[in-house]
Each structure stands twice: as C-alpha cells, then as structure tokens.
Amino acid sequence: MGPDAGWPVTVAEALGVQDRLRPSVDLVGPGPAEPATVAGLDVAYAEGGDRLAAAVTVLDARTLRVVDSAVVIGRPAFDYVPGLFAFRELPALLDALGRLTNRPDLLVCDGHGLAHPRRFGLACHLGVLTGLPAIGVGKTPLVGTWDPPGEGRGAWSPLVDAAEVVGRVLRTQDGVKPVFVSVGHRMGLENACARVLALAPRYRLPETTRTADRLCRSALAGRI
DNA sequence: GCGACAG
DNA sequence: ATCTTGTCGC
C-alpha cells in the first residue's frame, strides 16, 4: 500500500498530491460569463472539531434562488495545516456534490484557489477533481501583498505573491472589508470577480457562500 | 532564528 | 473553524 492507495495521511503525502495535480489546473478559462447555475460550498464544525457538516447549495445565477442542495455529516479527513486545508474538507464536499441532482456550471469555494503558497488551494483542487469551473473566495489572506482597494463596491487591487498576480482583493459592498478572489479552475480572474460581484448584490459574501453556510450550520444543529 | 499561517 | 460581550446601526 503506497501513498496513492488512499487519502494522504502525512504532510509529505499531501504535498505530493498537490504537486501531482497542480499541472492539471486550467488557467485559460475564461469560464462561463452567464452560468445558469452556481454552487456554493461550505463546511461547519462541531465544538470538538471531530465532526463536520459539508453543504453545497445550487443557485439560479439570475434570481439567486436556491434550486438544489445537499448536505452530509462527516469527519475531518486531515489535520488543519495552512496550505493543506483542502485535505480536511474535500471528501465531505465531494460527497455532497455527488448528491446533487444536476452538475452546476460553476463552483464558488470558501477558501483560496491560486492564491496559495504552491498555487493549488481548495478551489483548484475541487475544480480539478470535478472538472468544473471553480473560483475561490477567501475572507482572510493566506499569501500575498496588496494595496487597499477603493472604498466603493467593485473596487479592487491586485493580490501579488512572489511577483505574481495570484488574485484580487475585491470590495463587494461600500465600506466593508474586502474579500480575496482567486481563480480555481477553468476560469479567468476578470470573470471570477464579475461573478462574485453578481453573487453579492447586498452583502459582503456571495449568496452562494451564505446559503451553504446556513445549510451546514443547521445540519450540525440537527435541524435537518 | 522568529513570526505568519485559507477554514 | 469555534469560543465569546457588548456595540453600533437599520
């Protein structure tokens, strides 16, 4: 039984998986400009951190109404290590995705894509494993430096790491803390930011993230 | 060597 | 992520 026989157990194995999958990331995009459906994915943890709920909500991209969803209860599949975060939540998220009625046109992940030390964050990993266009929307930075974007909704500044533009720091509402948008798979950065703004007409976070967050929290609370 | 470090 | 009190604002 080698490291490829199952899910990675050690940091070295996880790093090896990232190295092996990274070349499969499609950075060309540009991805759907008018997706019919967009999926949001999020995970909530029980107090001890030994149990989790992974949720995916599928929204009509035009009305932002939830048209499909799935949630599963599971266990973290890896210890939390910055840069290896995806190994913790991926199995449960893939499980939830597999329970959808239809494949969505775009995945919006709660975490980073290319804005990652090895350019392979959760959004890249999820995109490669599913083959679907994916973007990452992080609430806090993992790598990179940036200048504060303008105060208005839609203002942004480049997120730069090792002299490379790895994403954008995007203000989704006037005067709120910006979010960190990066490409995951089969999407361009410009389009990714346009999609995030379209998904956040009223609040800081995209509706995809908000609906998925509510679903996994209520599942943990036993309300489903 | 010392901090920083998605969720 | 989760644990936490009050606070400002619609």
Side-chain angles (χ1 to χ4, degrees), chain A residues 7-8 11 14-15 17-18 21-22 25 40-57 71-97 107-129 134-146 151 159-162 164 166-170 172-185 189 192 196 201-206 208-222:
Chain A
W7 201 247
V11 165
L15 291 170
V17 172
Q18 291 186 331
L21 294 182
R22 187 175 47 238
V25 174
L41 304 101
D42 193 25
V43 172
Y45 293 82
E47 303 103 62
D50 54 334
R51 200 168 59 96
L52 60 74
V56 51
T57 52
V71 59
V72 301
I73 300 294
R75 295 193 168 280
F78 206 83
D79 288 333
Y80 173 67
V81 179
L84 300 177
F85 164 64
F87 294 94
R88 197 168 166 72
E89 302 188 341
L90 263 172
L93 288 172
L94 291 170
D95 187 353
L97 276 170
L107 303 180
V108 177
C109 306
D110 190 33
H112 300 285
L114 288 183
H116 175 276
R118 290 168 299 280
R119 308 292 180 258
F120 198 72
L122 172 66
C124 301
H125 207 145
L126 214 34
V128 166
L129 293 190
I135 63 180
V137 180
K139 297 181 285 291
T140 60
L142 173 61
V143 296
T145 59
W146 67 94
E151 284 299 313
L159 177 62
V160 179
D161 184 50
E164 221 178 315
V166 296
R168 283 183 188 176
V169 182
L170 176 67
T172 54
Q173 298 294 325
D174 293 352
V176 304
K177 256 178 61 176
V179 298
F180 298 78
V181 179
S182 60
V183 165
H185 186 56
L189 184 54
V196 170
R202 169 131 198 227
Y203 299 103
R204 176 188 179 229
L205 296 178
T208 37
T209 301
R210 290 167 44 78
T211 53
D213 179 73
R214 275 178 296 183
L215 178 54
C216 57
R217 283 179 192 275
S218 67
L220 261 194

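Lettering of chains follows the sequences in order, A, B, ..., and the numbering in each one begins at 1.
Contact annotation: the side chain of A:Val43 approaches that of A:Leu93 to within less than 4.5 Å [non-hydrogen atoms, C-beta and beyond]. Between A:Ser182 and A:Val166, every side-chain heavy-atom pair lies at or beyond the 4.5 Å cut-off. When side chains are defined from C-beta on, A:Phe78 does not count as touching A:Leu90, because their heavy atoms never get closer than 4.5 Å.
A:Arg51 forms no cation-pi arrangement with A:Tyr45, by the criterion of a distance under 6.0 Å to the ring centre and an angle within 45° of the ring axis.
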Could you list the protein-to-nucleotides 1-6 of chain B atom pairs, N/O on both sides, closer than 3.5 Å?
residue : atom : partner  : partner atom : Å
B:dA6   : OP2  : A:Tyr80  : OH           : 2.3
B:dA6   : N7   : A:Gly83  : N            : 3.2
B:dA6   : N6   : A:Gly83  : O            : 3.2
B:dA6   : N6   : A:Phe85  : N            : 3.4
B:dA6   : N6   : A:His116 : NE2          : 3.4
B:dA6   : N1   : A:Leu122 : N            : 3.1
B:dA6   : N3   : A:His112 : N            : 3.1

Provide a list of protein-nucleic acid N or O atom pairs under 3.5 angstrom, restricted to nucleotides 2-8 of chain C.
residue : atom : partner  : partner atom : Å
C:dT2   : OP1  : A:Tyr45  : N            : 3.4
C:dT2   : OP2  : A:Arg217 : NH2          : 3.4

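Between the side chain of A:His112 and the main chain of A:Thr140, a donor-acceptor pair closer than 3.5 Å is present. The main-chain N or O of A:Leu205 is never found under 3.5 Å from a side-chain atom of A:Gln173 such that the two would form a donor-acceptor pair.
Checked against the 6.0 Å centroid criterion, the rings of A:His125 and A:Phe87 qualify as a close aromatic pair. Ring pair A:Trp146/A:Phe180: centre-to-centre distance below 6.0 Å.
A:Asp42 pairs in a side chain to side chain contact (heavy atoms under 4.5 Å, CB included) with only one of the listed residues (A:Asp110, A:Thr57, A:Thr208), which is A:Asp110.
Remark: C1' of C:dC10 and CD of A:Gln173 are 15 Å apart, rounded to the nearest angstrom. In this structure, CZ of A:Arg202 is placed 13 Å from C1' of C:dG9, rounded to the nearest angstrom. Distance, A:Asp42 CG to C:dA1 P: 7 Å, rounded to whole Å.
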Inset, instruction - Would you sketch DNA chain C in dot-bracket for me? Only Watson-Crick or G-U wobble pairs with both distances under 3.5 Å count, crossing pairs as [ ], other-strand pairs as |, the rest as dots. - result: ..........
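Annotation: side chain to side chain contact (heavy atoms under 4.5 Å, CB included) contacts of A:Arg204 (sequence neighbours excluded): A:Lys139, A:Thr172, A:Val176, A:Lys177, A:Val179. For A:Arg75, there are no side chain to side chain donor-acceptor pair (under 3.5 Å) partners at least two apart in sequence or on another chain.
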Inset, instruction - Report the C-alpha distance between A:Val196 and A:Val108 in whole Å, list the side-chain angles of each, state the deciding distance to 0.1 Å, and finish with yes or no for side chain to side chain contact (heavy atoms under 4.5 Å, CB included). - result: CA-CA 8 Å; A:Val196 170; A:Val108 177; 5.5 Å; no
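Contact record, A:Leu114 with A:Cys124: N-SG, 3.6 Å, taken as the closest heavy-atom pair.
For DNA chain B, no stem formed by at least three consecutive Watson-Crick or G-U pairs, with both atom-pair distances below 3.5 Å, is detected.
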